[in-house]
**Q** 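First the structure, then my questions, so here it is.
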Amino acid sequence: MKNTLRYYGKYPDEYGHYGEFGGKFAPEILIPALDELEQSFHENYSSEKFQAELINLYGDYAGRPTPLYFCERLSEKFGCKVYFKREDLVHGGAHKLNNTLGQALLATKMKKDRLIAETGAGQHGFATAIAGAKFGLTTEIFMGHKDVMRQKHNVYRMKLLGAKVIPVYSGDQTLKDAINEALRDWISNIHHTHYLIGSVVGPHPYPLIVREFQRVIGKEIKEQIMTKEGRLPDVILACIGGGSNAMGTFYEFIENDSTALIGIEAEGEGIATGKHGASLFAGTKGILHGALTYILQDEYGQIQESHSISAGLDYPGVGPEHVLLKEIGRLKVVAATDKEALEAIDLCCKTEGIIPALEPAHAIAHAAKISAEYDKDDIMVITLSGSGSKDLDILKQHMRLEE
Amino acid sequence: MKNTLRYYGKYPDEYGHYGEFGGKFAPEILIPALDELEQSFHENYSSEKFQAELINLYGDYAGRPTPLYFCERLSEKFGCKVYFKREDLVHGGAHKLNNTLGQALLATKMKKDRLIAETGAGQHGFATAIAGAKFGLTTEIFMGHKDVMRQKHNVYRMKLLGAKVIPVYSGDQTLKDAINEALRDWISNIHHTHYLIGSVVGPHPYPLIVREFQRVIGKEIKEQIMTKEGRLPDVILACIGGGSNAMGTFYEFIENDSTALIGIEAEGEGIATGKHGASLFAGTKGILHGALTYILQDEYGQIQESHSISAGLDYPGVGPEHVLLKEIGRLKVVAATDKEALEAIDLCCKTEGIIPALEPAHAIAHAAKISAEYDKDDIMVITLSGSGSKDLDILKQHMRLEE
Amino acid sequence: MSKIEQKFIELEKKNEKALIPFITLGDPSPEFSLKIVRTLVDSGADIIELGIPFSDPIADGPTIQASSMRSLANGMTPDLAFNLVKEIRGFTNIPLVFLTYYNIVFQRGVNRFFHDCSECGIDGVIIPDLPVEEAALALEASRKTNVDLIFIVTPATSESRLSKILQVARGFVYVVSLFGVTGARKKLSEITLETLKKIKPYTKGKIPVSVGFGISKPEHVKELILAGADGAIVGSAIIDILAKNLKHEKVVIEKIGKYVQIMKKMTIRHW
Amino acid sequence: MSKIEQKFIELEKKNEKALIPFITLGDPSPEFSLKIVRTLVDSGADIIELGIPFSDPIADGPTIQASSMRSLANGMTPDLAFNLVKEIRGFTNIPLVFLTYYNIVFQRGVNRFFHDCSECGIDGVIIPDLPVEEAALALEASRKTNVDLIFIVTPATSESRLSKILQVARGFVYVVSLFGVTGARKKLSEITLETLKKIKPYTKGKIPVSVGFGISKPEHVKELILAGADGAIVGSAIIDILAKNLKHEKVVIEKIGKYVQIMKKMTIRHW
Ligand SMILES: Cc1ncc(COP(=O)(O)O)c(C=O)c1O
Ligand SMILES: Cc1ncc(COP(=O)(O)O)c(C=O)c1O
């Protein structure tokens, strides 16, 4: 792991590459917009004024810092010290807002008055709608028609906030088609529109921008654990969909080799069934949505549909920096099945009184699996990226509770 | 208003009276339990250990302090400085947890291993289920059968957390019947059961206990506004169902006469229609659920059904201390209709990107009405007691959004 | 000495204890409940407890709550209750006791309520949600009108509370038989008997003690009296009979009559 | 000089510009698309752009995306595409250009892809999601195989980027006609003509310029050529005809044939 000791400052390079991954595999027409975004991001992000505004938004609006909560009863069960990073308490119920607030603020600096975003289950769309309403920006959310039909709740929430939800009828009518459509809209409306990507995916500079806006998670964990325990955690776990909560969690610890980093992907119904969303764990190198990364594809390079009970992990790609971290041996990548995630929800609800979202339930599931490897004084941190409120309809279908 | 200058320490008196209100109008069989509770509360609440545990729970578990958020765009609309106290960000989505955590902690000190609670729409039941799970206590929630049927979502959440939800078939099968039934259960299981009342109602010492556990709201507001503005607010608004978020908000300001306090009740379909929940605004003196207070009743003293679009304000009684505060002229009591609350939700969503619960939407509605009375530099604080996530089904019925 | 207390003394002289049935006035209708009261009297009731229904009877179990709801649904009001008592006084002179919740009393005005009781011939009032600490007003009205304010005592009542209660209690002391609300039960709990034993020394010679809540079988009455009770209050068991035969007036009257006779027999010390 | 560039020179000599139709190979079936290609050739196409379908064609509009989906649904693969080209080479010698997304190229292996192109007779490749910065590998393969890597230029491309692109571009420069994705439009935007004027000075005498995206009417072609374009690329308009008559092979062939003839006429400077 010696090669991670001098990680910071090296990635991405000036072309947006993380080692051989990432990049800017985008239509020519987007390149100037991506360049403008990159430049504007660097200018603003390094300015004190922007930072002050961001800190203010994170604090008073989003509810940061979120607690690092010591799980008393879960710790007893696991036989080590378990902490949850409580992103479920962020306004909107998930870490997604850290990013949408940051990008919306950036959009106002770029004098764009319209936000567009893709969404799968609606979590990122909701977070974008929040940010759009807060800043008074026109907001339009692209959402596969299938997702619109099965996520009526979130569609309603976005509309309530004044966002327009545009159903996408092309392709599989799910997340990746929504991204395709959002990219197309952006191509057509590039002057006054900011495309607000929801995870550390897409062409450069998105993986960088989203990582930076999510880094606050790891920064807070570091400070909080030092205050509470006086030392860094032995292991940190986070689920990986596109990878934003994980990247935000892990980044601050990359050069701290004593802390193991574990990313958990969606194993769906099992890797062998082909019905999963584990692009990093079980995918192969390829280009999707503007970046060279790991993806789920067939032998010819056609993108395959992913499968997961958790909408947020149901994506056939993954952030390029995760691939780099995995390849240099700094990040361990594993997967948990739908069933394991459901069991983890049950455990977490009954032991800690917290209903986790299905996404971080995958991380809790893995934590349960490896808990025996840790001792009483070992410290395990799990990023609870969101609240399960959004998942009740799905849980109802899968977890029948007695009358 | 001179008589409020020396308010603190006077209420309640040793019998639990707030002036002539409050008291302990409870069946004899409950008196020893109420006495035990009172004693245990005083012992524990004044102990440093208990306070430390409580602060820890509020911080790392509940997510306190909640922000005092300056509403930039709403302030522009209202023409004065508007702040939201963000209780919507508390774990569980409402201020209710402040109280359930406090009482559950107290229950463990009293060596009770079972919690019971009443719930209407389910918000307090959910908050109790959270606290019960967190402390590993058996938790049973009484809920009118009608409410069980129309609040399936919350019923599911409680069950998910391991609580048992007991449908109540007696009476109107709504909140007040659930309270009746919970009291009966308590009478039968007094030794090992703590009855966790959800608002500043019920027999002494409940109004006191719940006020104390909710006082954190006002304490934080005071500190935060001093930091942000260097002075106290000109007016503070909070909705009143039973009155816990309002009492928690107002208490710290009672002796600060320069800050106007306004409580907003549910006017439902209008006072004149009789379909409302404005017990303090339009009710009369009477005894309900163990306290002398203002209630909705007929000429003979039969309790009348209340009506409100917001389940949390749909209660025919109100906390006795509110009555005192109103009678001594310290608290102004007003009401807002269902329709006004819905409009306030729309306003708040689109202007600030926050979906408020229907309950605090009543407070926002009143704030809109009086905003013209305030100047640019005047400070208005509104307690946003909860998030609207819980209300989406009801909103869907009443607010049709275009496709 | 109040009419109620005199009744206990009279019974004592006959080697009897008091059987105190309870019904809700107006359940299922004013007329019907009047017929039931007549049956209770004819079947040997010594004192009768008459409920004025309240919408939220927190101290009662499902049986009596349902009874209250039926009564209210059929238009029962406190005014009507006072009128019914006047009619009852047309055919019996035995002590009559109101049971109602404090808000009913409070809305009428505490003084007016007691005054009206005295006017129409009510001898005592039980208010299950009015503990002694809150009872000052009612006690004053009771003293003025000579309508007894009857207090409840439970297994959990401490000795210090007990003495506070006994200082003001009139008519009889109502011992709640177990940890719980009203409702017919199969077996009397140990705790009831223990409670009786515990409080007897304090009340002996001062005020009679009646036991209620959960008494449904003749054996219960026997046990209680052996343990020292002066009266047995039977509520839910009677209302159960009514509730099961609502549409059949004759059946109700017949069954309640027989039931009360059997229960009354147990209060007569021939065993 | 590449075969594509020679084609432009030949046409120039005849006072013509290039008409470049686009279709997706395999839409709606391999055989049918082969017939369409034959029709394009017979109707006067100068160069043909053949799409290898990709599941996520972000730079394309709904028409071409739907075409890709039909093609994939009917079993189209890159292997089949190469075979089809071999068949096409059986009946025509005009320049053929592949259009596909980078992941299709990448999965085959960039070198292998270009090698196979060269083997089966493909003269150029357009990869809409491969900007010049990421094109090193593809450029190298292109050089080695003499298969032109054709680049796209847009109204938003800065002059510095333009010169970077022109340094490596081969075959022709593909000017995207407006801010948007492919799809037939009623009117050519001003911006298209301005863009043409802007880049002409840089390309003149060096590399031909073709304009695509949104060209559907004969007037469009005329306007473009007047503004200095060397070729007109027509995609969605042709696929629209196909999509509307999927079940009627004959109708498709007839209509596409006529349409291409009309469009081709506009490239001949007789006006
Ligand atoms: C709660 C939650 N966690 C995790 C994810 C996965 O996204 P990412 O991997 O970018 O954090 C999502 C996506 O919607 C989410 O809502
Ligand atoms: C969000 C919210 N606000 C307000 C209330 C009203 O209760 P209280 O007046 O006790 O604060 C409730 C009750 O459930 C609630 O859920």
Side-chain angles (χ1 to χ4, degrees), chain A residues 14-17 20 22-36 168-173 175-191 193 202-204 284-293 295-305 316-317, chain D residues 52-66 68-69 72 76-81 100-109 113 127-136 151-158 160-162 164-165 173-183 213:
Chain A
E14 59 172 320
Y15 298 105
H17 290 152
E20 67 173 304
K24 214 184 257 186
F25 295 86
E28 178 61 26
I29 199 147
L30 290 183
I31 301 292
L34 292 169
D35 289 347
E36 181 202 354
V168 174
Y169 294 95
S170 58
D172 301 326
Q173 313 195 344
L175 176 60
K176 77 182 175 50
D177 310 290
I179 299 183
N180 296 339
E181 204 60 36
L183 281 168
R184 284 184 200 122
D185 179 289
W186 199 30
I187 289 174
S188 304
N189 299 288
I190 215 138
H191 289 308
T193 296
H204 180 65
T284 49
K285 248 186 243 185
I287 291 94
L288 177 63
H289 296 141
L292 175 58
T293 181
I295 61 180
L296 302 181
Q297 59 187 331
D298 70 10
E299 53 176 315
Y300 297 114
Q302 309 296 355
I303 310 305
Q304 308 262 276
E305 252 192 277
Chain D
I52 305 178
F54 175 54
S55 52
D56 295 76
I58 51 173
D60 285 293
T63 309
I64 293 180
Q65 176 167 31
S68 304
M69 294 303 124
L72 287 173
M76 194 62 197
T77 66
D79 287 346
L80 276 175
T100 196
Y101 285 77
Y102 193 46
N103 198 46
I104 297 295
V105 179
F106 186 83
Q107 283 318 307
R108 196 171 190 87
F113 186 92
I127 308 175
D129 63 343
L130 188 69
V132 65
E133 292 85 351
E134 301 286 358
F151 282 91
I152 291 172
V153 157
T154 84
T157 306
S158 64
S160 65
R161 271 190 75 73
L162 186 62
K164 221 194 288 184
I165 291 169
V173 170
Y174 189 148
V175 173
V176 166
S177 65
L178 32 62
F179 283 106
V181 288
T182 55
F213 282 50

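Throughout, a chain's letter reflects where its sequence line sits, starting with A, and its residues are numbered from 1.
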**Q** Taking the side chain from A:R184 and the backbone from D:A59, do they hold a donor-acceptor pair closer than 3.5 Å?
**A** no
**Q** Does the side chain of D:D129 reach to within under 4.5 Å of the side chain of A:I287, using non-hydrogen atoms?
**A** yes
**Q** Among D:L130, D:I58, D:I152, find the one that has a side chain to side chain contact (heavy atoms under 4.5 Å, CB included) with A:P27.
**A** D:I58
**Q** For D:F106, is it the side chain, the backbone, both, or neither that has a heavy atom closer than 4.5 Å to a heavy atom of chain A?
**A** side chain
**Q** Show, in sequence, the C-alpha distance, side-chain angles and deciding distance for A:E299 and D:R108, and conclude whether the side chain to side chain contact (heavy atoms under 4.5 Å, CB included) test is met.
**A** CA-CA 8 Å; A:E299 53 176 315; D:R108 196 171 190 87; over 6 Å; no
**Q** Can you give me the closest heavy-atom contact between A:Y300 and D:I104, atom names plus distance?
**A** O-CD1, 3.4 Å
**Q** Check each atom of A:L292 against the heavy atoms of chain D and say whether the ones under 4.5 Å are side chain, backbone, both or neither.
**A** side chain
**Q** Show your reasoning for whether side chain to side chain contact (heavy atoms under 4.5 Å, CB included) applies to A:I303 and D:N103.
**A** CA-CA 9 Å; A:I303 310 305; D:N103 198 46; 4.0 Å; yes
**Q** With a 4.5 angstrom heavy-atom cut-off, could you sort out which part of D:I127 is near chain A: side chain, backbone, both or neither?
**A** neither
**Q** Given a strict heavy-atom distance threshold of 4.5 Å, which part of D:I165 is in contact with chain A: side chain, backbone, both, or neither?
**A** side chain
**Q** Under the side chain to side chain contact (heavy atoms under 4.5 Å, CB included) test against D:D56, which residue among A:D172, A:I179, A:N180 passes?
**A** A:N180
**Q** Can you tell me which of D:A135, D:P57, D:S158, D:P78 forms the most heavy-atom pairs within a distance under 4.5 Å of chain A?
**A** D:P78
**Q** So which atom in A:K285 and which in D:Q107 form the shortest heavy-atom distance, rounded to 0.1 Å?
**A** O-NE2, 2.8 Å
**Q** Over all heavy atoms of both residues, which pair between A:K24 and D:P131 is shortest? Give the atoms and the distance, please.
**A** O-CG, 3.0 Å
**Q** Is there a side chain to side chain contact (heavy atoms under 4.5 Å, CB included) between A:H204 and D:E134? Walk through the geometry before answering.
**A** CA-CA 12 Å; A:H204 180 65; D:E134 301 286 358; over 6 Å; no
**Q** To the nearest 0.5 Å, how far apart are NZ in A:K176 and OG in D:S55?
**A** 5.0 Å
**Q** Side chain, backbone, both or neither: which part of D:P128 has an atom under 4.5 Å from a heavy atom of chain A?
**A** backbone
**Q** Can you confirm whether D:V176 sits close enough to A:E28 that some side-chain heavy atom of one is under 4.5 Å from a side-chain heavy atom of the other?
**A** no
**Q** Can you find a pair of side-chain heavy atoms, one from A:H17 and one from D:E133, that are under 4.5 Å apart?
**A** no
